[in-house]
2 protein chains.
Amino acid sequence: MNQLEEMQTFVRVVDAGSITKVAEQMNTVKSAISRRLSELESRLGVSLLTRTTRTHTITDAGLTFYDHCVRIIEEVSQAESSISNKEKALEGRIRLAVPLSFGLAKLSPLLQQFNNLHPKIKFDVDFNDRHIELAEEGFDLAIRIAKLKDSSLIAKRLTTIQLILCASPAYLAKHGAPNTPQGLANGHVKLNYHSAPDSWKFTTKSGGTESISIPSVMNANNGDFLCQAAIAGKGVILMPDFICAEAIESEQLNIILPNQLTNSLLNVYAIYPQNKHQPQRVKSLIAFLVEQFKTSNK
Amino acid sequence: MNQLEEMQTFVRVVDAGSITKVAEQMNTVKSAISRRLSELESRLGVSLLTRTTRTHTITDAGLTFYDHCVRIIEEVSQAESSISNKEKALEGRIRLAVPLSFGLAKLSPLLQQFNNLHPKIKFDVDFNDRHIELAEEGFDLAIRIAKLKDSSLIAKRLTTIQLILCASPAYLAKHGAPNTPQGLANGHVKLNYHSAPDSWKFTTKSGGTESISIPSVMNANNGDFLCQAAIAGKGVILMPDFICAEAIESEQLNIILPNQLTNSLLNVYAIYPQNKHQPQRVKSLIAFLVEQFKTSNK
DNA sequence: CCTTATAGTTCTAATATTTGAAACAGTAAG
DNA sequence: CTTACTGTTTCAAATATTAGAACTATAAGG
């Protein structure tokens with residue numbers, strides 16, 4: 001019982017005035033068309049066509065039904081094509097969740113660029129460091145830093161972030177610039193970034209691992225704030241490169257113990273629900289981000 | 001591929017928020033529901049629901065599609081129920097073709113009665129003696145007198161008509177009232193009713209058949225007109241009883257050679273296309289006519 | 001008027017689709 | 001950490017649909 005196909009068949013038979021012709025149009029045999037019509041009439045309990053052996057005339061009820069059918073068929077085709085087109089075209093809205101600092105520093109310009117390429121794609125960006133249930137909150141895509149555990153999501157690595165240990169020249173002048181991890185443990189204080197580990201691990205020149213823990217004089221979940229504090233000489237920070245790069249460049253901050261940190265690399269992932277059918281706009285954005293990060297890292 | 005069922009399933013899943021519940025509602029198993037959704041999404045090439053293993057959230061596209069679906073389902077149900085009800089209820093229009101004289105004389109009062117019983121049933125009556133292609137011209141029903149050959153139609157005998165040979169007393173006084181068919185052949189003239197045969201057949205007292213042909217001084221395709229002419233003494237008429245009964249009653253016409261005509265009975269049939277599903281109103285009318293003629297003939 | 005071609009219906013074997021049941025995978029709640 | 005529950009997948013069995021031929025009846029053409 002395929003109501004829609006029955007309706008379609010009925011409409012075409014009325015239009016063409018011939019079961020045989022419709023069978024040809026629809027690439028089937030006349031018996032199939034005949035049976036569909038009978039089926040429909042039986043279900044409705046109404047004759048739609050008054051038949052002689054060779055011709056048929058539409059009944060009153062048939063006429064009424066015909067009008068309904070035409071409209072319904074039109075609406076179904078609209079319903080299907082509207083969303084299919086929308087999803088296949090580079091337009092519509094992308095809901096995106098990004099970490100605050102990385103988002104502002106690194107992603108923001110890329111999104112602007114992407115938007116220039118595809119002006120019909122609108123963004124709805126949530127800058128937030130909280131954990132987000134992608135599927136449940138209706139996000140198309142999220143950017144996450146570091147490890148993820150949600151296994152029903154798909155992750156694509158975009159780039160890496162270098163963690164850099166640094167402090168201001170004034171601070172270092174006052175507390176002494178350490179040459180070894182051990183040196184850091186003597187009298188230094190840190191400004192603690194939100195989800196950072198309590199202790200820092202270093203790879204020594206001999207190849208061993210050393211874990212150093214120093215007191216935190218300031219905690220915050222915002223890297224830029226801590227970076228400002230470090231520039232003001234409040235302590236040592238372990239910061240993603242994109243946050244402190246500028247301060248290092250201008251020598252407001254100096255790198256401490258370069259290349260000695262273990263696991264100083266964080267991965268940045270684009271993660272998205274494992275939808276079988278992803279809107280084209282989302283696919284495009286992911287591809288764009290992958291491409292951009294690839295070239296900018298060269 | 002049953003699009004409508006897919007849409008229905010999708011809507012119910014969105015409403016209920018659970019595939020399992022919908023499976024129960026629809027008296028099937030969850031695997032069927034799950035497969036229908038996947039099928040629909042594949043065909044559209046779009047994710048309608050973003051799934052985790054235990055829950056799902058509707059996507060943007062899903063939301064759009066949902067609205068369409070709800071409207072379409074509503075319209076389909078309207079389309080089907082509207083005509084089903086209309087055809088099953090005692091309302092609507094009956095297109096009826098009836099012979100002119102018989103229609104006016106015998107049918108007209110019955111139709112009025114029927115209309116009083118079922119005031120919602122409208123009539124569209126074509127009083128016409130021409131041959132009508134029932135099916136092709138969209139009639140629900142026709143009343144026909146005598147034989148019919150259209151085998152794709154169904155006929156139901158309603159009543160019989162008695163043909164009566166008569167003339168006015170004045171005419172008979174002038175030309176002589178015949179006692180035998182042979183007597184009629186001597187100097188009598190007839191007023192010829194449209195499709196009547198050229199010669200009249202009589203059953204003689206000895207049991208034989210006699211065929212008499214007399215000149216026609218007037219031809220017409222309207223019985224009432226010929227009846228008036230006969231009353232005016234213009235000639236002999238062979239008329240259906242319902243046309244001349246009143247004139248005979250009032251002795252404006254006298255019966256000639258009573259009970260001697262062969263085949264003086266005509267059958268009246270209700271004929272209708274052999275639709276498998278006839279509107280209830282038409283069924284009712286046929287039943288009513290059969291019933292009324294049965295009682296009136298007692 | 002008869003013959004032939006054609007339209008639609010019905011029947012049946014073959015084919016395709018859909019279902020139901022069970023196994024499976026993953027998550028939430030206790 | 002276990003249990004209960006949700007949704008997905010798989011596959012044999014049930015169901016529905018189709019193609020093709022035979023059949024009925026009409027229209028058209030000689």
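To find a chain, count down the sequence lines: A is the first, B the second, and so on, and within it residues start at 1.
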Requested in this report: Give the rounded distance in Å between these two atoms: CG of B:Asn27 and P of C:dG20.
Outcome: 9 Å
Query - Integer-rounded Å distance: C:dA16 P and B:Glu39 CD - result: 16 Å
Query raised in the report: Does B:Ser38 have a side-chain nitrogen or oxygen under 4.0 Å from the phosphate oxygens OP1 or OP2 of D:dT8?
Result: no
Report summary line: Walking DNA chain D from its 5' end, the first of B:Leu37 and A:Thr55 to be reached, judged by nearest nucleotide, is B:Leu37
Query raised in the report: What is the nucleic acid contact for B:Arg36, judged by heavy atoms within less than 4.0 Å: base, sugar-phosphate only, or nothing?
Result: sugar-phosphate
Query raised in the report: Sequence neighbours excluded, which residues qualify as salt bridge (charged side-chain N to carboxylate O under 4.0 Å, His left out) partners of B:Arg12?
Result: none
Query - Nearest heavy-atom neighbours spanning B:Ser211 and B:Ser199 - result: OG-OG, 3.3 Å
Report task. Considering only NZ, NE, NH1 and NH2 on the basic side and carboxylate oxygens on the acidic side, decide whether B:Glu87 and B:Lys283 come within less than 4.0 Å. Result -> no
Requested in this report: Taking only the side-chain heavy atoms of A:Arg51 (C-beta and beyond), determine which of D:dT18, C:dG8, D:dT8 contains the nearest atom.
Outcome: C:dG8
Query raised in the report: For the pair made of NZ in B:Lys30 and C1' in C:dT19, what is the distance, rounded to whole Å?
Result: 15 Å
Requested in this report: Measure from CD1 on A:Ile19 to C1' on D:dG20 and round the result to the nearest Å.
Outcome: 17 Å
Report task. Taking only the side-chain heavy atoms of B:Ala32 (C-beta and beyond), determine which of D:dT8, C:dT19, D:dT18 contains the nearest atom. Result -> C:dT19
**Report entry** Pairing of A:Arg71 and B:Glu75 as salt bridge, 4.0 angstrom limit
**Finding:** yes
Query raised in the report: Has A:Thr28 got a side-chain N or O lying under 4.0 Å from the OP1 or OP2 atom of D:dA19?
Result: yes
Query raised in the report: Between A:Lys21 (NZ) and C:dG8 (P), how many Å, whole number?
Result: 9 Å
Requested in this report: Could you tell me whether B:Glu24 and B:Lys30 make a salt bridge, using a distance below 4.0 angstrom between a side-chain N and a carboxylate O?
Outcome: no
Requested in this report: Enumerate the residues from residues 4-13 of chain A whose closest heavy atom to DNA chain C is under 4.0 Å, giving them by residue number; use none for an empty result.
Outcome: none
**Report entry** Atom-to-atom span, CG of A:Asn2 to P of C:dT17 - whole angstrom
**Finding:** 12 Å
Requested in this report: Please determine, for the side chain of A:Val29, which listed nucleotide (C:dA7, D:dA19, C:dT9) has the closest atom?
Outcome: D:dA19
Report task. Could you check whether A:Ser31 gets within reach of a base, just the sugar-phosphate, or nothing at all, counting any heavy atom under 4.0 Å? Result -> base
Query raised in the report: Do the numbers put A:Arg95 on top of the ring of A:Phe139, so that NZ or CZ is under 6.0 Å from the six-membered ring centre and no more than 45° off the axis?
Result: yes
Query raised in the report: Going by atom types alone, do B:Thr209 and B:Thr262 pair a side-chain donor with an acceptor below 3.5 Å?
Result: no
Requested in this report: Measure from CG on B:Asn275 to C1' on C:dT9 and round the result to the nearest Å.
Outcome: 15 Å
Query raised in the report: If you check the A:Arg35 side chain, which of D:dT18, D:dG7, C:dA21 turns out closest?
Result: D:dT18
Report task. Figure out the CD/P separation between A:Glu24 and C:dA7, and round it to whole Å. Result -> 9 Å
